[in-house]
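Heads up, the thing below is written out as structure tokens.
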Amino acid sequence: MATHRFTPGSLERERRKQKLLRFSMYVFLILASLPIVVGYLWLFVGAFTGNLVYGFVPQELTVANWSFLWESPSPAWPNIWRTFANTFFLAAGVTVIMVVVSTSAAYVVSRMYFPGRSMILASTLILHAFPAITLLIALYYILRTLGLLDSLWGVILVRAGLMVPFGIWVMKGFFDDIPWDIEMSALIDGATRFQTFWKVMLPLVKPGIAAIAVFAFMAGWAEYIFLVTFVRDPNSWTLSSYINAIIGNYRFTNYGLLAAVSLFYMFPVLLFFLLTQKLLMKVTVGGIKGGR
Amino acid sequence: MASIRLERLTKKFGKVVAVNNLNLEVRDGEFIALLGPSGCGKTTTLLMIAGIYRPTEGNIYFDDVLVNDVAPKDRYVGLVFQSYALYPHMRVYDNIAFPLKLAKVPRKEIDRKVHEVAKLTKIEELLDRMPGQLSGGQQQRVALCRALVKEPEILLLDEPLSNLDARLRIETRAEIKRLQRELGITSILVTHDQVEALTMSERVAVMHQGVLQQYGPPDELYDRPRNLFVASFIGDPPMNLIPVEFKKTDGKPALVTDSFVLPLAEAWGEVLGQMDQGEFTLGIRPEDVRLSTEKEGNALLGEVFLTEPLGGGTLVHFRFGEISFRVLAPREIKVDVGDKLWIIPDQEKLHLFTKDGLSVREVGRQDAH
Ligand SMILES: Nc1ncnc2c1ncn2[C@@H]1O[C@H](COP(=O)(O)OP(=O)(O)O)[C@@H](O)[C@H]1O
Ligand SMILES: [Mg+2]
């Protein structure tokens, strides 16, 4: 007679084991994410209340912390909206350079063979692994020589330059996935090389462009270290310089203000994420094999 | 329309010689096939004709005009890729219209022409779909439309049927042949499938390892293969190839192996007369042999080793020592394993190849020149 491996009892035990496993997984994940959640919670509460007792217990609800939107908390600080515009300009600048340079360079590296090609590929990887902070002093001198200190352009160029190797790698993967036949087909159909790139190749790597654009925009929006090092002129401040000033200029940091400005800083990114979440999920590396 | 002439065409990729010293002429309006096993340089040849690859050496002429340095877009060539290479981000309509848009054809005319070719290949109802929503056969038609819509001088087809299932392949074969004839367009079909090449084209160029082996009408390739490669590549089931020794016994020519002696007809004595005795490869097509229970003329006695019913007939395997020998028997003949039968080759259809793999007939012809 055949013996049954699974008796009702063993199945029940198996199920209980699964449940326990899942429960402990949740507990672990909740504990692990607690610090982050508490951080954001503090930000929300802090932004809408007066001074917190012991730094934690909220007292009364207020919008007083948000007055920075219409009057500058310090005469030395620029108008917040101008700062906001600067932040956007910086992020957009990084994005445009990143997309244009990475995409065209990646196309060349993916499709053309020239002396030094593999060296360039290897060096882009090393460059990407390079800790940017070690370049701070060197970059300072370079920017001073070029007259780009105290200008957002300097920061845009530095940040974009540091991100481009990563962009090239991502985009190269996308170009590598496009069969040669498709490109040859376009040439035979009567396209010039440029038309082939513009009308056939580019549309096929759109998901990649979206991906690196999002990365570049985020990096530009969050830029901090190069800003506070290279840019002193308040007219060129961005929101991160602004927050830096709040923390640094007060002997006793105004935590309510800090929380409110931080929230103001985060808001566009959150909004952006909510709007593009679906699109971002679709960005899987190399999405167009075999014409499907 | 245009004629094509390839002159000493060679293409090297680093050390790999993909195409070696290829001379080929295609007449205006002719339909030829490039036939050969995978990797023999067929696609490379097509891409050189299309202008994608630049020949390492040699020249390409369209209508006696040297086109080596002409850009692909100025060659008026349509190419259907093996992978079809449809643009995945464009609707079928836009795929087909793409060459016309690039040529700045007025919109109304584009519309008219797209519908015209779509009708020709019966894909009108697919125009609004994306390539990813099509079956292999449909994609193949779209690719054909895209190649035809600009009314090219030359149509190049790279294994257009290899991704289709057997049934569709036969239909499409006829369809492409019909289209080619209707449009009268000079066409080169690339294929590794001899049936495709022999049924569709007027002349077949057999290639092997980058080298042209023979170029001629299907019958010629079948009846008079120039060398061993062509002999073994053309024909299904394949030709029997047996190493033999040529001897004269009692003044009569015969082919001798360890397992049998096959006397040769007088005519062969003349062909081989100039040759010394020597080693040859004997080629006999399975369909050029009769089976009989009684000895007739120059025959071999064999024992049936295996039978394969093919529907239309039976493929009967014999064995002589190490040598296996296939015969295509008509279905009326009942054959069982173990039967002893006389194998009577049609002496006029024997093929003999020298040690260099050249057909003896060919050698004779070359000597005569
Ligand atoms: N772009 C290329 N780079 C290097 N080698 C190639 C390239 N294209 C083809 N080859 C080589 O050339 C030979 C002929 O290839 P191909 O023309 O594609 O053969 P076929 O189409 O007859 O199967 C093969 O050995 C192949 O590996
Ligand atoms: Mg090929």
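In what follows, every chain begins at residue 1, and chains take the letters A, B, ... in the order their sequences are listed. Basis for what follows: all heavy atoms, side chains included, without hydrogens, waters or symmetry-related copies.
Remark: side-chain polar atoms of A:Thr83 are not paired, donor with acceptor, to backbone N or O of A:Trp237 under 3.5 angstrom. Between the side chain of B:Gln140 and the backbone N or O of B:Tyr84, no donor-acceptor pair lies under 3.5 Å. Of the possible donor and acceptor atoms, none in the side chain of A:Lys172 sits under 3.5 Å from a partner among the backbone N and O of A:Ala105.
Among the residues in residues 100-116 of chain B, those with a non-hydrogen atom closer than 4.5 angstrom to a non-hydrogen atom of chain A are B:Leu102. Among residues 38-61 of chain B, the residues having any heavy atom closer than 4.5 Å to a heavy atom of chain A are, in sequence order, B:Leu47, B:Ala50, B:Ile52, B:Tyr53.
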Next on the checklist: Checking B:Met200 against B:Leu161 for the side chain to side chain contact (heavy atoms under 4.5 Å, CB included) test, could you report, in this order, the C-alpha distance in whole Å, the side-chain angles of both residues, the deciding distance, and whether it holds?
Outcome noted: CA-CA 12 Å; B:Met200 290 170 76; B:Leu161 309 179; 4.1 Å; yes
Next on the checklist: I'd like to know whether A:Val108 forms a side chain to side chain contact (heavy atoms under 4.5 Å, CB included) with A:Phe114, so could you lay out the CA-CA distance, the side-chain angles of the two residues, the decisive distance to 0.1 Å, and finally the verdict.
Outcome noted: CA-CA 9 Å; A:Val108 171; A:Phe114 50 87; 3.7 Å; yes
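Checked against a 6.0 Å centroid threshold, the rings of A:Phe84 and A:Trp221 count as neighbours. Aromatic pair A:Phe215/A:Phe166: ring centres closer than 6.0 Å.
For B:Met130, no part lies near chain A; criterion is any non-hydrogen pair under 4.5 Å.
Partners of A:Phe230 under the ring pair (Phe, Tyr, Trp, His ring centres under 6.0 Å) rule, at least two apart in sequence or in another chain, are A:Phe226.
Of all the listed residues (A:Ile188, A:Asp189, A:Leu187), the one sharing the greatest number of non-hydrogen pairs under 4.5 Å with chain B is A:Asp189. Interface remark: of the candidates B:Ala147, B:Ala71, B:Pro72, B:Pro99, B:Pro99 forms the most heavy-atom pairs closer than 4.5 Å to chain A.
Of all heavy-atom pairs spanning B:Val190 and B:Pro160, the tightest one is O-CD, 4.0 Å.
Neither side chain, A:Thr238 nor A:Asn86, offers a donor N or O lying under 3.5 Å from an acceptor on the other.
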Side-chain donor-acceptor distances from residues 196-205 of chain A under 3.5 Å, at least two apart:
| from | atom 1 | to | atom 2 | distance (Å) |
| --- | --- | --- | --- | --- |
| A:Thr196 | OG1 | A:Thr192 | O | 2.7 |

